[in-house]
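Structure first, then comments.
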Amino acid sequence: MKLRPLRRRLTALASAVATAAALLIAAPPGPGAAAANACANPVLASNLDGWGSLDGGWVTRDPVGDLPGVNWAFDTGGRSFYMPQLSVTAGQTWTFSARDRVVHGSGTARIVVEWYNSRGRYLSEQRGPITTLPTFAESGDPWTPVAVTATVPSGATSAHVLQEGDFGTATGTGFKATQCDYRLGAAPPPSDLAAVRHGWGTSVPSQSDEFDGSSVDLSKWGLFGADPGETTGCSPGHNNHGQRCASQTTQGGGHLSVTGTAGGKTGGLYSRMRAFKYGRVEVRERAMPLADNGGRSYHAVPLLWPENDDDWTNAEIDFAERDVNSPQVELFVHHDGTQNSCSFQVDSTQFHNYAVDWQPNSVKWYVDGDLICTINASIGYFNSTNGGAQLDMFPPTGTLMRPARQDVDWIRMYANAYTQYR
């Protein structure tokens, strides 16, 4: 196997650091106590002790400025490295994790745990799932959690925790890691909220809505088809197709809902909140057909819309655009009279969390907490949000439509380092 030379190297390493390895023994927590991190030198606070290359790549200890609680990271030009070892007991279940990033490229990473006995003999290994490391952007990418949960086999007394990267034929990459974390027990599943997983902090209440009331908050939203502050009326639909009527947008049961009829009557809402430039927005949303009458599909989209409607070709961000019941959702970033896009396969008839992080030179798109893509584009306009409740009729008036409903559970806005308000 590919790792056998690495095992021999690690066996020699284990003999050389036997005394230091004793410092890595972690006593199991007492009754009722929370499991402690048993990884020695987890954030490389003073040195590289316990971290090193497995394939001869250069190694450095690099400063970190975008991961809370972390000031240093391990960096190697190679594609495999070791993290601090751990003394273990047969039958224990451990979760081993770290935060990774690849610089000047993209690829995948995984954690591999090799089990050794008290004589330093290799017994077996546990290979973790492959995790995608997104394409590097100069504006900075999230540190991606990479983890494996494994049970110590009979006879094992030591865990050698390794990482493997696969960056294809790319050269000049830097494979970085920090915040190693070894815990007794299985790890809870990662949050499916981008805000939680990537540490966005607290949402801005005046720019967010949980939609928990019995009616739409007209101080924050205007209804398509109605004047500001009003709840009745209709207006032409998207591209003058069908109608947008205030009656089609309702709130109740913890959701905001927009319903489209077979005859082309639909709705939606627009923001009356303070316009902002740059920031993060996350929405939990779904859109589903209500009948199968052979009609055409409505078009659903959560989006950021410019304060000045005429600027949409330079300042619109559509972050889950699709026909209702399509297996594919798309991000569209409109800028400089053009657009860039990327797509993702997901069952959008079920609730999912869609998010964007809008910065001066990029827009990052997340689905259920995972970074899907980064589009490098500059948008310098102030934007408002439509709250993920825009259900549009694309075919001409008179076309039979398939009845549908779009539901929004909540929408939350978070400031980033660049956020400005009008």
Side-chain angles (χ1 to χ4, degrees), residues 194 207 221 224 237-239 241 244 249 256 258 260 266-271 273 275-288 297-349 351-359 361-368 370-395 404 406-414:
Q207 302 287 114
W221 307 103
F224 285 175
H238 174 80
N239 280 346
H241 296 172
R244 289 171 167 169
T249 304
L256 177 87
V258 181
T266 183
L269 78 174
Y270 60 92
S271 173
M273 292 176 276
F276 63 89
K277 180 165 65 175
Y278 313 129
R280 297 157 170 157
V281 178
E282 188 161 24
V283 60
R284 183 166 179 79
E285 182 257 17
R286 69 181 177 188
M288 70 195 84
S297 294
Y298 276 99
H299 198 76
V301 58
L303 74 165
L304 294 178
W305 183 264
E307 186 182 25
N308 181 350
D309 288 353
D310 293 337
D311 286 336
W312 73 270
T313 59
N314 299 306
E316 180 181 339
I317 303 172
D318 308 303
F319 54 104
E321 184 167 353
R322 76 281 186 189
D323 287 336
V324 174
N325 210 32
S326 169
Q328 178 172 282
V329 295
E330 295 184 273
L331 166 74
F332 288 94
V333 178
H334 298 266
H335 62 98
D336 304 313
T338 186
Q339 67 181 27
N340 295 97
S341 65
C342 64
S343 62
F344 186 70
Q345 298 285 320
V346 69
D347 180 4
S348 59
T349 66
F351 276 113
H352 291 279
N353 306 321
Y354 306 103
V356 288
D357 183 357
W358 172 29
Q359 298 188 15
N361 296 304
S362 67
V363 176
K364 299 179 188 299
W365 185 39
Y366 302 84
V367 178
D368 292 331
D370 292 329
L371 177 63
I372 304 303
C373 68
T374 299
I375 288 181
N376 295 317
S378 177
I379 299 176
Y381 292 76
F382 282 85
N383 279 47
S384 298
T385 174
N386 283 36
Q390 187 164 319
L391 191 65
D392 292 325
M393 179 181 180
F394 274 20
Q406 181 184 30
D407 296 323
V408 182
D409 193 1
W410 44 258
I411 180 167
R412 298 166 186 162
M413 183 269 180
Y414 303 80

With distance as the sole test, does Asp392 use its side chain to make a donor-acceptor pair with the main-chain N or O of Phe394 at under 3.5 Å? no

Hey, does the side chain of Thr249 reach the backbone of Gly267 with a donor-acceptor pair shorter than 3.5 angstrom? no

Side-chain contact, heavy-atom cut-off 4.5 Å: Ser348 with Tyr354? yes

With Asn239 via side chain to side chain contact (heavy atoms under 4.5 Å, CB included) - residues at least two apart: His241

Is a side-chain donor or acceptor of Asn325 paired with a backbone partner of Ser297 at a separation under 3.5 angstrom? no

Check whether any side-chain N or O of Ser378 sits under 3.5 Å from a backbone N or O of Ser362 as a donor-acceptor pair, and report yes or no. no

Non-hydrogen atoms of Val324 and Ala300 that approach each other most closely: CG2-CB, 4.3 Å

Using a 3.5 Å distance criterion without hydrogens, assess whether the side chain of Gln328 forms a donor-acceptor pair with backbone atoms of Arg322. no

For Asp368, salt bridge (Lys or Arg N to Asp or Glu O under 4.0 Å) partners two or more places apart: none

Any side-chain heavy-atom pair from Met393 and Tyr298 closer than 4.5 angstrom? yes

Measure across Leu304 and Phe276 and return the closest heavy-atom pair with its distance rounded to 0.1 Å. CD2-CZ, 4.1 Å

If you define the side chain from C-beta out and look only at heavy atoms, does anything of Gln359 sit under 4.5 Å from Tyr278? no

Side chains of Gln207 and Val281: does their closest heavy-atom pair fall under 4.5 Å? no

Where Val258 and Ala389 come nearest, the two heavy atoms and their spacing: CG2-CB, 3.7 Å

Check Trp410 against Asn353 and note the closest heavy-atom contact, atom names and distance. CZ2-OD1, 3.8 Å

Is any side-chain heavy atom of Asp370 less than 4.5 Å from a side-chain heavy atom of Phe344? no

Mind checking the CG-CG spacing from Leu391 to Asp407? Nearest 0.5 Å is all I need. 10.0 Å

Within the distance-only criterion (no hydrogens, no angle test), does the side chain of His299 pair as donor or acceptor with the backbone N or O of Glu321 below 3.5 angstrom? no

Main-chain N/O of Glu285 paired to Asp409 side chain as donor or acceptor, under 3.5 Å: no

Per the salt bridge (Lys or Arg N to Asp or Glu O under 4.0 Å) rule, what does the pair list look like for residues 330-342, sequence neighbours excluded? none

Value rounded to 0.5 Å, distance of OG1 in Thr374 from CG in Leu331: 10.0 Å

side-chain contact (heavy atoms from CB on, under 4.5 Å) assessment of Glu316 paired with Ile379: CA-CA 9 Å; Glu316 180 181 339; Ile379 299 176; over 6 Å; no

Which heavy atom of Met413 sits nearest to which heavy atom of Gly279, and what is that distance? CE-CA, 4.5 Å

I need the minimum non-hydrogen distance between Ala275 and Ser384, along with the two atoms involved. CB-OG, 4.0 Å

Side chains of Phe382 and Pro306: closer than 4.5 Å at any heavy-atom pair? no

With a 4.5 Å cut-off on side-chain heavy atoms, are Glu282 and Arg280 touching? no

I'd like to know whether Phe319 forms a side-chain contact (heavy atoms from CB on, under 4.5 Å) with Val363, so could you lay out the CA-CA distance, the side-chain angles of the two residues, the decisive distance to 0.1 Å, and finally the verdict. CA-CA 10 Å; Phe319 54 104; Val363 176; over 6 Å; no

Answer yes or no: is there a side-chain heavy-atom contact under 4.5 Å between Ile375 and Trp365? no

Rounded to the nearest 0.5 Å, the CD1 atom of Ile411 sits from the CG atom of Leu256 at a distance of 10.0 Å

Can you label the angle between the Trp312 ring and the Trp305 ring as parallel, tilted or perpendicular, going by 30° and 60°? parallel

Chi angles and distances behind the side-chain hydrogen bond (donor to acceptor under 3.5 Å, both in side chains) call for Asp347, His352: CA-CA 8 Å; Asp347 180 4; His352 291 279; 5.9 Å; no

Give, for atom OH of Tyr381 and atom CG of Asn308, the distance between the pair rounded to the nearest 0.5 Å. 8.5 Å

The test is side-chain contact (heavy atoms from CB on, under 4.5 Å); show your working for Gln390 and Phe224 and say whether it passes. CA-CA 9 Å; Gln390 187 164 319; Phe224 285 175; 3.9 Å; yes

Applying side-chain contact (heavy atoms from CB on, under 4.5 Å), run through Asn340 and His335 and close with a yes or a no. CA-CA 8 Å; Asn340 295 97; His335 62 98; 2.5 Å; yes

Roughly how far apart are Thr338 OG1 and Asn314 CG, rounded to 0.5 Å? 10.0 Å

